Amino acid sequence: MKKILVTRKLLQSNEDRLKELYDVRLNNNDELYSQSKLIELSQGCDGILSALTDKLDEETIKKLPDTVKILSNFAVGFGNIDLEAAKKKNIAVTNTPEVLTDATAEIGILLILGACRRASEGIDGARASDWKWSADYLIGKQLTGTRLGILGMGRIGQKIAKVAKSLGMIIHYHNRSKLSEDKAQGATYHDNLKSLLSVSDVLSVCCPASKETINLINKETLEFLPKGAVVTNVARGDIVDDEALIDALNRRKVYAVGLDVYKGEPNLNPGYLKHKSAFILPHLGSATKETRTAMANLAIDNIEEYFKTGNCKNKVN
Ligand code: GLV
């Protein structure tokens, strides 16, 4: 029986399945393991079911025991894992695409709505009973007729585009390559970031974090946005230079932000906390029972497939 380290607590049905399949080392207290603890706990294991909170950098991967053959990441993103280091050590890295598209796109839409319609201020006012209806109370930005720029038109970007279009938004996107007509659903393609940003009344960051996208939204690129644009990020905090975005909010270059992800989570830049126009959520993208169950099942399927066939369709390195 293969021995698997599971770094974070999963939903009960997923842990039950793991127990049936493997000699499994569960994290009953859902402790956040340090890198050294993770290395220690992985001794004698054949695989690790990891989460986005595990920083599996080059140094950590080098120190993993040679018995570890797979890092099955419980996330579609894998910016927390050094893919090259894993490859060098002959460790397969897998992710959980598709199953979280709908849930994450829902949060992407919530960020757009929350930021544009001043939900943070509204919630604060309602909770404090400190509000009075008036014709100009918390006037926000209407989505109908507003241009939405999608940075990264993968599955999640496409789903956000579909819902936003049904709300009357006009969709533009930038992606490494132009989508087929069928997938683009009438959205306008921009072959460069500057061109996309210049038409983005609302920006939705949906691309993966990679060497190419880290700090892509920065002091310089923010200037390409129309004045008073809204910036939302449902992908990864690493894509945004926080200081630059907070400065743009301070200058009213950016009207509002909607964020679910942050650099250095769970500690977000305190500059966001000061802003009433920051609609902020604690990385809830895939947080529904259906989706978290499906993600963990897929992470388990990936381990099964890898040990049975020596390969896996969701291998990313
Ligand atoms: C969530 O952020 C994921 O990458 O699955």
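Counting convention: from 1, in listed order, for ligands and their atoms alike. Computed from a predicted structure; not experimentally measured.
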Q: Find all atoms of ligand 1 within a distance of less than 4.0 Å from any non-hydrogen atom belonging to Leu52, and give their numbers and elements.
A: 1 (C), 2 (O)
**Q.** Contact atoms of ligand 1, heavy-atom distance to Ala75 under 4.0 Å
**A.** 3 (C), 4 (O), 5 (O)
Q: Give the single entry among His283, Arg292, Met295 that approaches atom 2 (O) of ligand 1 most closely by any heavy atom.
A: His283
**Q.** Check: Gly77 N/O within less than 3.5 Å of ligand 1 N/O
**A.** yes
Q) Considering distance alone, does some N or O of Thr96 sit under 3.5 Å from an N or O of ligand 1? A) no
Q. Once the angle between the rings of Tyr137 and Trp131 is folded into 0 to 90°, is it parallel (under 30°), tilted (30 to 60°) or perpendicular (over 60°)?
A. parallel
[X] bridged to [Y] by N-O distance under 4.0 Å:
X      : Y      : result
Glu59  : Lys63  : yes
Lys88  : Glu84  : no
Lys315 : Glu305 : no

Q: Among all protein heavy atoms, pick out the one at the shortest distance from atom 5 (O) of ligand 1; state its residue, atom name and that distance to 0.1 Å.
A: Val76 N, 2.8 Å
Q: List the closest protein heavy-atom neighbour of atom 4 (O) of ligand 1: residue, atom name, distance to the nearest 0.1 Å.
A: Arg236 NH2, 2.6 Å
Q | Non-hydrogen side-chain atoms of Arg17 and Asn297 separated by less than 4.5 Å | A | yes
Q) So do Val6 and Asn27 actually touch side chain to side chain, heavy atoms under 4.5 Å? A) no
